[in-house]
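To keep things clear, I will list the structure first and then write my remarks on it.
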Amino acid sequence: GNMSEFSDDLKGYFGKPIGKGLVVLFGIGVLYLVLAMIFSFWPFSLMAGVIKKATSPDNIIQSYEYFYDSYHSILAMQENVNVMKEYLVSSDATEPLKSQRSIELSGLMMNLNRCIEEYNAESRKINHNMWKADDLPYRISLEDLQGR
């Protein structure tokens with residue numbers, strides 16, 4: 001059948017010097033990669049550097065600074081939203097002011113949503129199991145914020 005012809009071809013191919021040369025080259029390539037992983041030279045030295053950087057305490061603190069700042073500005077925005085919503089339902093508010101406030105409110109809400117999305121996009125870059133800031137949410141949702 002066809003299979004035996006194919007294996008004969010293979011034998012013939014690997015019997016030729018070029019076939020042996022390819023096998024040796026392939027072997028050297030694999031060996032290099034294995035050694036590179038163990039002793040972390042290029043290209044693994046690049047990766048090792050990145051991993052070290054991502055897990056170094058300074059870098060972890062710095063990346064969380066972003067989350068702390070971001071989270072606090074999100075909370076502040078949510079407070080403003082609450083104040084505006086209260087104003088909109090209060091009896092003292094005049095109609096022109098109410099319409100002005102509701103425009104401001106929708107702008108604020110858009111901004112708030114954008115900040116929440118950015119926060120969540122950044123936190124997704126960190127594996128949830130690696131999340132180090134226990135006092136910060138890994139994900140923020142508008143529902144959670146408004147339920148506070």
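Counting from 1, the numbers follow the sequence of the chain as shown. What you see is a predicted model; the values in this text were computed from it and never measured.
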Are Y138 and F67 joined in one hydrophobic group, where the rule is that I, L, V, M, F, W and Y side chains link up if heavy atoms are under 4.5 Å apart? yes
What I'd like to find out is whether the side chain of I140 reaches to under 4.5 Å of the side chain of D144, using heavy atoms alone. no
How would you list, by chain and number, every residue that makes a side chain to side chain contact (heavy atoms under 4.5 Å, CB included) with A76, sequence neighbours excluded? none
Summary of side-chain hydrogen bond (donor to acceptor under 3.5 Å, both in side chains) pairs that have at least one residue in residues 109-123, sequence neighbours excluded: N111-R114, R114-E118, E122-K125
Residue that, paired with I28, satisfies side-chain contact (heavy atoms from CB on, under 4.5 Å) out of L31, V24, V30: V24
Could you state the interatomic distance from CG (L97) to OG (S102), rounded to the nearest 0.5 Å? 10.5 Å
To the nearest 0.5 Å, atom NE2 of H72 lies from atom CE of M77 at 13.5 Å
About how many Å separate OG of S106 and CE of M84, when rounded to the nearest 0.5 Å? 9.5 Å
Within residues 88-107 or reaching into it, pairs that qualify as ring-ring contact (aromatic ring centres under 6.0 Å, His included) - sequence neighbours excluded: none
Output every pair passing side-chain hydrogen bond (donor to acceptor under 3.5 Å, both in side chains) with a member in residues 86-98, not counting sequence neighbours, ordered by first then second residue. none
Run the ring-centre check on Y68 versus Y71 and record whether the distance is less than 6.0 Å. no
Using a 4.5 Å cut-off on heavy atoms from C-beta on, say whether the side chain of R139 contacts that of I116. no
Only pairs at least two apart or in different chains count here, so list each salt bridge (charged side-chain N to carboxylate O under 4.0 Å, His left out) that has a residue in residues 103-113. R101-E104
What residues form a side chain to side chain contact (heavy atoms under 4.5 Å, CB included) with V89, not counting sequence neighbours? none
Is there a path of hydrophobic side-chain contacts, each under 4.5 Å between heavy atoms, that joins V83 and L142? no
Rounded to the nearest 0.5 Å, what's the gap from OG on S73 to CG on L112? Could you check? 9.0 Å
Within a strict 4.5 Å, meaning less than it, do heavy atoms of the V81 and L145 side chains meet? no
With sequence neighbours excluded, what pairs up with N80 under the side chain to side chain contact (heavy atoms under 4.5 Å, CB included) test? L108
Path from I126 to Y66 over hydrophobic side-chain contacts below 4.5 Å: yes
Which residues pass the side chain to side chain contact (heavy atoms under 4.5 Å, CB included) test with D69, not counting sequence neighbours? none
